[in-house]
Amino acid sequence: MSSDKMYDLIGVGVGPFNLSMAALLEDHPEVDALFFEQRSSFDWHPGMLIEGTKMQVPFIADLVTMANPKSHYSFLNYINEQGRMYPFYFLQRLDIPRREYNDYCQWVAKQINACQFSSRVDDVRYIEDNETYFELNVIDTETGDKSVYKTKHILLGTGSSPVMPDSFDRLPKEDVFHTAHFKDHLERCRTARSITVIGSGQSAAEAFRELLKEQREHKFRLDWITRSPGFASMEESKLSLEHFSPDYVDYFYNLPQSKKDEVFATQGLYYKGISTHTVTDIYDLLYEYSVGGEVLDVGLQVLTEVDGIHQKAEGEGYEIACTHHQEGTSFIHETEVVITATGYKPYVPAFINSLQDLIQWDDQGRYKVKADYRVEKTKEVKNEIYVHSGISHTHGVGSTNLGLAVHRNKMIINHLLDKEAYPIPDQNVFQNFKPQS
Ligand SMILES: Cc1cc2nc3c(=O)[nH]c(=O)nc-3n(C[C@H](O)[C@H](O)[C@H](O)COP(=O)(O)OP(=O)(O)OC[C@H]3O[C@@H](n4cnc5c(N)ncnc54)[C@H](O)[C@@H]3O)c2cc1C
């Protein structure tokens with residue numbers, strides 16, 4: 001199917017970032033927008049929607065409130081429409097369950113016709129004819145049908161993809177998998193004789209905690225290995241959280257690129273560590289289990305680099321080659337199931353290569369991005385590529401944080417409408433990141 005209709009904006013991917021844009025644009029009907037998502041419905045990191053896990057941002061970082069607290073799509077209105085005002089009031093928490101955030105986003109997505117699911121954007125081309133525009137090839141993931149759409153501007157919201165070491169990726173998926181697929185394999189874990197979690201970020205800790213809760217019932221050996229010197233907590237003090245503010249984004253953006261890369265490399269604990277409450281839960285469980293001198297069939301091993309993995313005979317499990325990097329000793333760790341919590345990387349779809357000549361790239365092959373989230377182009381054209389994804393190198397540590405998505409969308413909408421539809425305050429936090437003149 002082909003249509004001659006020219007959209008103002010087409011968003012690729014419907015995760016929270018583009019869903020926020022779709023919700024905000026309901027207040028701006030003059031922008032004719034469409035959003036494509038390859039999944040059959042909205043689903044937020046489904047493999048990690050573990051019961052008992054909670055959001056790492058307050059519910060105020062919903063899809064709209066930071067731009068328009070009166071929006072129909074606010075989290076509080078969702079709670080109201082679910083008839084849950086009193087339970088939420090008595091809950092007395094800002095950090096809502098992760099499952100509820102997903103349910104809230106699904107509630108929003110179902111109401112917005114501009115979000116089209118089961119639709120994968122396969123290619124984007126820049127057309128310079130009588131008029132200039134982007135042409136998108138879209139595949140219906142259920143029927144395989146192909147369609148072509150035209151738009152003046154595009155918005156990339158394709159999120160991130162799990163990172164798995166190559167040697168692990170080639171092994172049977174039911175035994176060796178990334179935390180992104182944790183829930184899909186929980187049943188398999190319950191039948192295993194031994195399980196090893198590798199990594200020490202929030203996802204590793206959540207998977208370990210969930211397995212620890214079940215360890216005595218299902219009687220598997222449970223190990224947790226990390227190369228870090230400890231199972232460190234995430235930096236969550238209130239003044240540290242100010243690094244996830246528009247002010248810090250602005251400060252970071254204006255540093256030279258080499259300085260940005262240097263600074264970003266030192267900021268792991270702002271987003272890579274473990275939430276204090278998760279560490280506490282784990283410690284409390286270990287303490288409880290060890291009452292009366294019980295010897296736990298559980299191991300926590302720090303300072304240990306995983307060098308490789310070898311599959312033993314069919315059904316016999318795996319040998320993981322490890323090095324204790326301070327002592328310099330090597331050893332083999334045996335296990336039946338391996339869960340890698342080795343993080344995520346920005347997912348920039350391959351089709352962006354079709355726009356190779358239009359985009360300015362830095363010396364590391366990353367696109368250059370303007371302060372207002374437009375990709376820098378090689379020539380003056382009126383069509384824009386706005387980006388939510390793959391911008392940590394330009395906009396810093398808060399780029400994947402839900403608390404900044406609405407701010408970003410406010411700036412993009414202001415640019416799209418060529419007016420200040422949303423004021424952008426200069427000072428939002430108490431501390432100064434640059435010297436005051
Ligand atoms: C387990 C987990 C928990 C997290 N918790 C928090 C938290 O509590 N607080 C916080 O601030 N951040 C959190 N994050 C960080 C994360 O960046 C955000 O949660 C959020 O998902 C980012 O939204 P997004 O819209 O960029 O991407 P995603 O949610 O990844 O969505 C991108 C979407 O694009 C779709 N897509 C990709 N390519 C195409 C294509 N070619 N065509 C059509 N569709 C496509 C994908 O199917 C996907 O649905 C968490 C991350 C993880 C992994």
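In each ligand, atom 1 is the first atom listed, and ligand 1 is the first ligand listed.
- At a heavy-atom distance under 4.0 Å, only backbone atoms of Ser119 (N, CA, C or O) approach ligand 1.
- Under 4.0 Å from ligand 1, heavy atoms of Gln38 appear from its side chain as well as its backbone.
- Residue Phe36 approaches ligand 1 through these ligand atoms, each under 4.0 Å from one of its heavy atoms: 43 (C), 44 (N).
- Proximity to Tyr344 (heavy-atom distance under 4.0 Å) selects the following atoms of ligand 1: 53 (C).
- In Gln202, neither the side chain nor the backbone holds a heavy atom less than 4.0 Å from any atom of ligand 1.
- Residue-ligand proximity, Thr400 to ligand 1, at heavy-atom distances under 4.0 Å covers atoms 12 (N), 15 (C), 16 (C), 17 (O), 18 (C).
- Residue Gly157 has at least one heavy-atom neighbour below 4.0 Å for each of these atoms of ligand 1: 32 (C), 33 (C), 34 (O).
- Taking the centre and axis of the six-membered ring of Tyr289, the NZ or CZ atom of Arg216 falls inside the cone set by 45° and 6.0 Å.
- Partners of His277 according to the ring-ring contact (aromatic ring centres under 6.0 Å, His included) rule, which considers only residues two or more places apart in sequence or in another chain, do not exist here.
- In this structure, Lys150 satisfies the cation-pi test against Tyr133, with its NZ or CZ atom closer than 6.0 Å to the six-membered ring centre and inside 45 degrees of the ring normal.
- Annotation: cation-pi geometry satisfied between Arg408 and Tyr373 (NZ/CZ under 6.0 angstrom from ring centroid, within 45° of ring axis).
- Atom numbering of ligand 1 starts at 1 in the shown order; those under 4.0 Å from a heavy atom of Gly15 are 25 (O), 29 (O), 31 (O), 33 (C).
- In this pair, Tyr344 and His45 present their aromatic rings tilted. The plane angle is within the 30 to 60° band.
- For the ring-ring contact (aromatic ring centres under 6.0 Å, His included) test, residues two or more places apart in sequence or in another chain that qualify with Tyr253 are His395.
- The atoms of ligand 1 that sit less than 4.0 Å from any heavy atom of Phe351 are 41 (N).
- Ring geometry for Phe75 versus Phe59: interplanar angle of 30 to 60°, hence tilted.
- Heavy atoms of Pro349 found under 4.0 angstrom from ligand 1: none, in either backbone or side chain.
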